[in-house]
Amino acid sequence: MSLNDKLAITQSLKQAAAELGIDKIGIAPAEPLKEEYDRFLKWIAAGMNGEMAWLARGPEKRFDPRRVFPEARSVIVAAVNYFSPFRHSEDSAEGKISRYAWGDDYHLVVKEKLERLIEWLKTDLPEIKARAFVDTAPLMEKPLAVRAGVGWIGKNANLITREYGSWVFLGVILTDLDLYYDSAFSEDHCGNCRRCLDACPTGAITEPYVVDSRRCISYATIELRAENLPQEITANQDGWLYGCDVCQDVCPWNRFEKPTAETAFWPRAGETEIPPQVIAGMTPEEYLDRFRRSAIKRAKLTGLKRNARSLLRVKS
């Protein structure tokens, strides 16, 4: 395939992605991420993954797309804006939900967009191979997004884009199609800012670009399976029932936030928080009905009830 052909296909691909509601897209070669792999090993060795043991299994696979999809030649990284113009309550005991989980489960919504983009590709190129992933494979989406020119990784370890700040979901398509690659994002636009470090309620951002999961409210309220939340979390929970947005809320780059056109990400029934007493009294049947197609299911009902008990103790 000539360079002109690659460029033409890539330009058409990006236009099709925009029509499908993908806000930004970048393309990179399917090659190993060596420097990022070395940093990740140090993070794991320090135990900062907490109880997320799966992160330590086969780490080399996470940083080489071809170990996930051997035929891969190109990595297509998609970013979808999820910001909606709503806010949390000022009442710190109201059971705040992280913005990313206000609407429908992004895994389902973004995956559908990527699958439709693959269908578009195969309309004229039916012989190509491609697979879409949204947290469904051991891929490091953020380093791949940097390589694909989508944005940079901020001091809070979130991917930040010029256009939408950090309010973006990421998805990846691996394909054997040889495409025209974007330039990697080489600039760090965080500068001397340290607002996220200073604002983190538990000091989980231990140094720029390093987050210790064991001290993170999001990790504790979503991933941790302990019967009770750690004392350092409950002492600084500040009303968070599921997740935490503090390091994003204070980020100056999020002043460029724009309401998403994807209404599936808007708060269900206008809810940005759920009273902890509602969760405390919730039955399994009510849980399944209320959180169908919601990312909140990740915490399971036992985790939500534990988080709610912690907030109710503070409230009392």
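Computed from a predicted model, the values in this text were never measured in an experiment. In what follows, residues are counted from 1 in the order of the sequence shown. Hydrogens, waters and symmetry mates play no part in the numbers below; they use all other heavy atoms, side chains included.
- Using a 4.0 Å cut-off between a side-chain N of Lys or Arg and a carboxylate O of Asp or Glu, Arg147 and Asp182 do not qualify as a salt bridge.
- Classification of the Phe169-Tyr82 ring pair by plane angle, with boundaries at 30° and 60°, yields parallel.
- Put simply, the side chain of Lys142 gets close to the backbone of Ala157: a donor and an acceptor are under 3.5 Å apart.
- Look at Glu232 and Arg215 and you find no salt bridge, because none of the NZ, NE, NH1 or NH2 atoms lies under 4.0 Å from a carboxylate O.
- At a cut-off of 3.5 Å, with distance as the only test, a side-chain donor of Asn254 or Ser166 sits close to an acceptor on the other residue.
- Looking at Glu262 and Lys113, a side-chain N of the basic residue comes within less than 4.0 Å of a carboxylate O on the acidic one, giving a salt bridge.
- Salt bridge annotation for Asp176-Arg73: absent, with no cationic side-chain nitrogen under 4.0 angstrom from a carboxylate oxygen.
- The distance between the ring centers of Trp167 and Trp253 does not fall below 6.0 angstrom.
- Judged by distance alone, the side chains of Arg99 and His88 never bring a donor and an acceptor atom under 3.5 Å apart.
- A donor-acceptor pair under 3.5 Å links the side-chain atoms of Ser213 to the main chain of Met48, judged by distance alone.
- In summary, Lys258 and Glu163 do not engage in a salt bridge, as defined by a charged side-chain N under 4.0 Å from a carboxylate O.
- Shown here is Tyr180, whose OH atom has no more than 12 heavy atoms of other residues, nucleotides or ligands within 6.0 Å.
- Remark: the Asp245 side chain and the Ser98 side chain contain an N/O donor-acceptor pair separated by less than 3.5 Å.
- There is a side-chain donor-acceptor pair under 3.5 Å between Glu19 and Gln15.
- Atom CZ of Arg66 is surrounded by more than 12 heavy atoms from other residues, nucleotides or ligands within 6.0 Å.
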